[in-house]
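Have a look at the structure below, then the notes.
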Amino acid sequence: MSKVRVRFAPSPTGDLHIGGARTALFNWVFARQHQGQFLLRIEDTDQKRCTEEYKNSILNGLRWLGLDWDEEPVYQSRRKDRHLEVAHDLLSKGLAYYCVCPPQAATPPEEKSQNTAPCPCREAGHVSGALRLKRPLKGTLSCKDVVYGSVEVEYAQLDDMVLVRSNGMPTYMLCVVVDDYDMGITHIIRGVDHLTNTLRQMLLWQAMDWEMPECAHLPLIHGQDGKKFSKRHGAVSVIEYQKLGFLPDAVCNALMRMGWGHDDTELVTKEEAVSIFSLASVGKSKAQFDLKKLYHYNQHYMANMPTEILLEILKNYTSDPFDEDFINKAKQIFPEIVKRVKTLHECAEALQVLHAPKAYLEHVEDDAINMVRDVLLSCEKWESDALEASFREYCLTHDCKLVAVAQPLRVLITGKKVSPPIFLVMSVLGLQEVMERIKQYEEQASKSESP
RNA sequence: GCCCCCAUCGUCUAGAGGUUAGGACACCGCCCUCUCAAGGCGGAAACACGGGUUCAAUUCCCGUUGGGGGUACCA
């Protein structure tokens, strides 16, 4: 087989969305696994809807996911002359004809049932209008899809697709085929929503006598209600997931597992997928995007990432100041933080224990404060285990449970009812900071008590 | 309307002509425990329905139902 060349061909009419990202990912994995090329083609022929911003957004989305592409992206809009050249070639061969019928966009669905009769313009010999491809009228068209198997449709069910609009602009159908051919694409991997398009485009490949690439259609991704994944289902674009604090590895893993499975493999990076992926093992049925699972993957990848790297990512993610002292302390409690958070956002929030609390969610009795201070001042080693031992000893001699002192302590130090292990937090903060926080609590408490 | 496609726990999926139908997320219980997590153990939870083929079908075939996609001089 010739060297694998696949492409991802987004239309820059919006950000890179989940479905597109999955298509790109599968193409990327397939290309890498065959030491082939993963190419990009920007389908920007719809002048009205395509923007430079969206194009950049899509490219950035791909970069963020780590889906690096080979060669310069192809811009479909810049290839108009070539598209027209092919169209005229078809015309001169008698395989296309000009049609002067009015556009059918407004045809009501109920009138479309008998819409397959050959157009009279086929033999009329018009010299202008919309250029249509002359399809065979009898027989069946068969597409061998790697995922879906053999898909057949009667030629009669298809129409004579427009190659060039009456305004002289080539259509998507023409552009795609010409570009795929010129780019030397060997495998077309895209969503099943293109299955019918593929069938129609085959006619064009045949008319030009070009060898059709292999096809693999991917099942669609749907939202929780089973409907097509849309804005109603929350975040749709990968950029939004980035903003929510997800890691690219987590998003890729979630995407990888939609429409594809490999034994009991749940955790798989795109790099790992390269060695075990197979187009043939892609499933046929739709998948619903599950946010809960994405949270789980994200927690996994955060917890398994080297602290330094994750801190660096976090630094870029938040606007919080990351001075040397903060980073130093953060590193110490990180192993405990990372078990408790599912996103970068939560992680940054959890790290706030390193700063004095701004508010207190519970009241602490004076007795408890005094007790805590006494024990703390009696501690000789300012270290997590030693601190805990001191408080345990206190509990033993005073016949109380550790939780009875740990909770007031937690509130005094963090202002919250939940936190990472409080003795660890204290050990990282240091005696002075801990004492200051207790003082802060008292000041704040006395302030709110006085009228 | 017409054409095409799909159908395993709530969700993502594994699976094979004969399995106690497996895993993961979520959920519930227990353990652990300074809180919350994490972790450990356990639990509930699926082959859409009806016909065939077969000694045997959830698996193969047909139909029904349900869902999805397409049906443009959009991409």
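Side chains included, hydrogens not; waters and symmetry mates left out as well; all remaining heavy atoms used. Below, chains carry the letters A, B, ... as their sequence lines are ordered, and counting in each starts from 1.
Side chains of A:Q201 and A:I188 form no contact here, defined as non-hydrogen atoms less than 4.5 Å apart.
Residue A:G191 is out of contact with every strand shown, counting any heavy-atom pair closer than 4.0 Å. Using a 4.0 Å heavy-atom criterion, one finds that A:D44 contacts no nucleic acid atom at all. Nucleic acid contact for A:C175: none, since no nucleic acid atom lies under 4.0 Å from a heavy atom of the residue. Among the heavy atoms of the strands, none lies under 4.0 Å from A:E154. Residue contacts for A:A287: at a heavy-atom cut-off of 4.0 Å it reaches the sugar-phosphate backbone alone, with no base atom in range. Looking at heavy-atom distances under 4.0 Å, A:H194 makes contact with a base. Note on A:F391: nothing from the nucleic acid sits closer than 4.0 angstrom, heavy atoms only. Contacts of A:S285 with the nucleic acid, taken as non-hydrogen atoms under 4.0 Å apart, involve only primed sugar atoms and P, OP1 or OP2.
Contact annotation: A:T45 reaches the phosphate of B:A75 (side-chain N/O to OP1 or OP2, under 4.0 Å). One finds no side-chain N or O of A:R49 lying less than 4.0 angstrom from the OP1 or OP2 phosphate oxygen of B:A75.
Using atom C1' as the reference point in both B:C41 and B:U64, the two lie 45 Å apart (nearest Å). When the C1' atom is compared between B:A24 and B:G17, the two are found 28 Å apart, to the nearest whole Å. Taking atom C1' in both B:U59 and B:A72, the straight-line distance is 41 Å, to the nearest Å. Of the C1' atoms belonging to B:C36 and B:A48, the separation is 42 Å, rounded to the nearest Å. Separation of the P atoms belonging to B:U8 and B:A16 is 16 Å when rounded to the nearest angstrom. Nucleotides B:A7 and B:U13 place their P atoms 11 Å apart, quoted to the nearest Å. Taking atom C1' on both nucleotides, B:G15 is separated from B:U33 by 39 Å, rounded to a whole Å. If you take atom P in B:C30 and the same atom in B:A14, they sit 34 Å apart, rounded to whole Å.
Summarising the geometry, the separation between CG on A:N304 and C1' on B:A38 is reported as 12 Å, rounded to the nearest angstrom. Taking atom CD of residue A:E388 and atom P of nucleotide B:U35, one finds them 11 Å apart after rounding to whole Å. Rounded to whole Å, atom P of B:C5 lies 9 Å from atom CD of A:E152. Regarding A:K284, its NZ atom lies at a distance of 22 Å from the P atom of B:G67, rounded to whole Å. What separates NZ of A:K417 from P of B:U33 is a distance of 24 Å, to the nearest Å. For the pair A:L158 CG and B:U71 C1', the interatomic distance rounds to 10 Å; values are reported in whole Å. In this structure, A:L424 atom CG and B:C36 atom P are separated by 17 Å, rounded to whole Å. In this structure, A:L220 atom CG and B:C4 atom C1' are separated by 13 Å, rounded to whole Å.
Across all strands shown, B:C36 forms no Watson-Crick or G-U wobble pair with both distances under 3.5 Å. Across all strands shown, B:C55 is found opposite B:G18 as a Watson-Crick or G-U wobble partner, with both distances under 3.5 Å.
Using a 3.5 Å distance cut-off with no hydrogens or angles, the side chains of A:D179 and A:H83 do pair a donor with an acceptor.
A donor-acceptor contact under 3.5 Å is formed by the side chain of A:K293 with the base of B:C12. For A:S419 against B:C36, a side-chain-to-base donor-acceptor contact under 3.5 Å is absent.
Under the 6.0 Å distance and 45° angle rule, A:R437 does not count as a cation-pi partner of A:Y441.
Residues A:K292 and A:P10 each lie close to RNA chain B; by heavy-atom proximity, the contact nearer the 5' end of the strand is made by A:K292. For the pair A:V192 and A:V151, both in contact range of RNA chain B, the more 5′-proximal nearest nucleotide belongs to A:V151.
The six-membered or imidazole ring of A:F289 lies near that of A:Y241, with a centre-to-centre distance under 6.0 Å.
A:M169 contributes atom CE, which lies 9.5 Å from atom CG of A:D46 (distance to the nearest 0.5 angstrom). Atom CG of A:D263 is separated from atom OG of A:S281 by 9.5 Å, given to the nearest 0.5 angstrom.
Looking at A:L279, A:V268, A:T265 one by one, the single match for side chain to side chain contact (heavy atoms under 4.5 Å, CB included) with A:W260 turns out to be A:V268.
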